[in-house]
Amino acid sequence: MLDGLWDLGLLDPTPELEHKRNIIVAPVPKRGHTSDLIGGRLIARLEDLPDLPAKFGFVVDVDGPRQLANASGDIRIETSASGGIIVRADGSKLGQPVTQDDAVNAAVALARWFHKTVSPDIRRMAPHLAATPLPHCFARETVTPDTALLTPGPLTNGCAYGVPFGSMTASQLRNLMQGTGASRMRIAPNRIFILDGTPVTDTPAFVTTPDDPRMHIHACPGAPACAASTVPTRQIASTLAPHLKGRSLHVSGCAKGCAHRGGADVVAVGRDGAFDLVRNGHPWDDPQRRGIAPTDLAPRVGLMNWSD
Ligand code: SF4
């Protein structure tokens, strides 16, 4: 597989460079593909970046309203409130105004400031800013409040497809690619990818409407894929989807909660072959109900009152 990826130009020459290429670019190119242009320039400068923590990353999102407002990133090249470009440290409302030609220089300078000033126990930009003031040169203009988050559905030149639980088989993808006649694929955050070609909307393996409840469900692989789980998760999550009434759901094989670190309206946590239920919380929170058999989950979630 690595040989195949290398032949496609999808690998970096060294693990050190691969480690640094933690960059998310706006998924829908607009306004002259400026995000793609700056993202490419940033990739070309990876060797100039200092050693950064493993999850430290960059967001490039300058094609109009922010498509990546919810995406994790420590140094953000974004559209400013005045319609220009800023380089912003995550955790600060203000950024440094730049042109598209000096944006990458400013991002590298901000990465070097982080590397030079951060203490070893802090791994991300936002907690670093809580303890260390940002130099004035990096904090002069606000980011645009406008967002355009990508959701599944047809686009001008193709379609955005949601992937339930973030997992698909090779044959599902191959069949979709053949149906669309697509020649290009772009990976987007939030379990979405974009194919050019003819949109295919009647595909049960993928989500093609923004209101599909499967896009609001988190479920880890569960049993038998993970030894920590005594219950299946994704099949059960699918059976619960029609009962959610717009609420978010997290089905977790155990209290670790690998699939989603944030909260959900309904959380079902596997334990000893049954489920505990948490309302408005996380898998590791104290449950309101314990020991519900998998077959009893759907009616219980459908009630959602849990007052009995
Ligand atoms: S949440 Fe538990 S069961 Fe699910 S993948 Fe993580 S460790 Fe495994």
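Whatever order the structure lists ligands and atoms in, that order sets their numbers, starting from 1.
- In this structure, Arg140 CZ and Arg88 CZ are separated by 15.5 Å, a value rounded to the nearest 0.5 Å.
- Residue contact check: Cys220 has heavy atoms under 4.0 Å from atoms 1 (S), 3 (S), 4 (Fe), 5 (S) of ligand 1.
- Taking atom 2 (Fe) of ligand 1 as the reference point, the nearest protein heavy-atom neighbour is Cys254 SG, 2.3 Å.
- In terms of protein heavy atoms, atom 8 (Fe) of ligand 1 is closest to Cys226 SG, 2.3 Å.
- Under the 3.5 Å distance criterion, the side-chain polar atoms of Lys20 are matched with a main-chain donor or acceptor of Leu49.
- The two residues Val87 and Ala106 have their closest heavy-atom pair at CG2-CB, 3.9 Å.
- Contact annotation for Cys258 and ligand 1: heavy atoms of both the backbone and the side chain come within less than 4.0 Å of the ligand.
- Remark: the Asp211 side chain and the Thr209 side chain contain an N/O donor-acceptor pair separated by less than 3.5 Å.
- The Ser252 neighbourhood of ligand 1 comprises atoms 1 (S), with distances under 4.0 Å to a heavy atom of that residue.
- Between the CG atom of Leu129 and the CZ atom of Arg124 there is a distance of 12.0 Å, given to the nearest 0.5 Å.
- The atoms of ligand 1 that sit less than 4.0 Å from any heavy atom of Gly257 are 1 (S).
- Each of the atoms 3 (S), 4 (Fe) of ligand 1 lies under 4.0 Å from some heavy atom of Gly253.
- Between Phe56 and Phe114, the two ring planes are tilted [angle within 30° to 60°].
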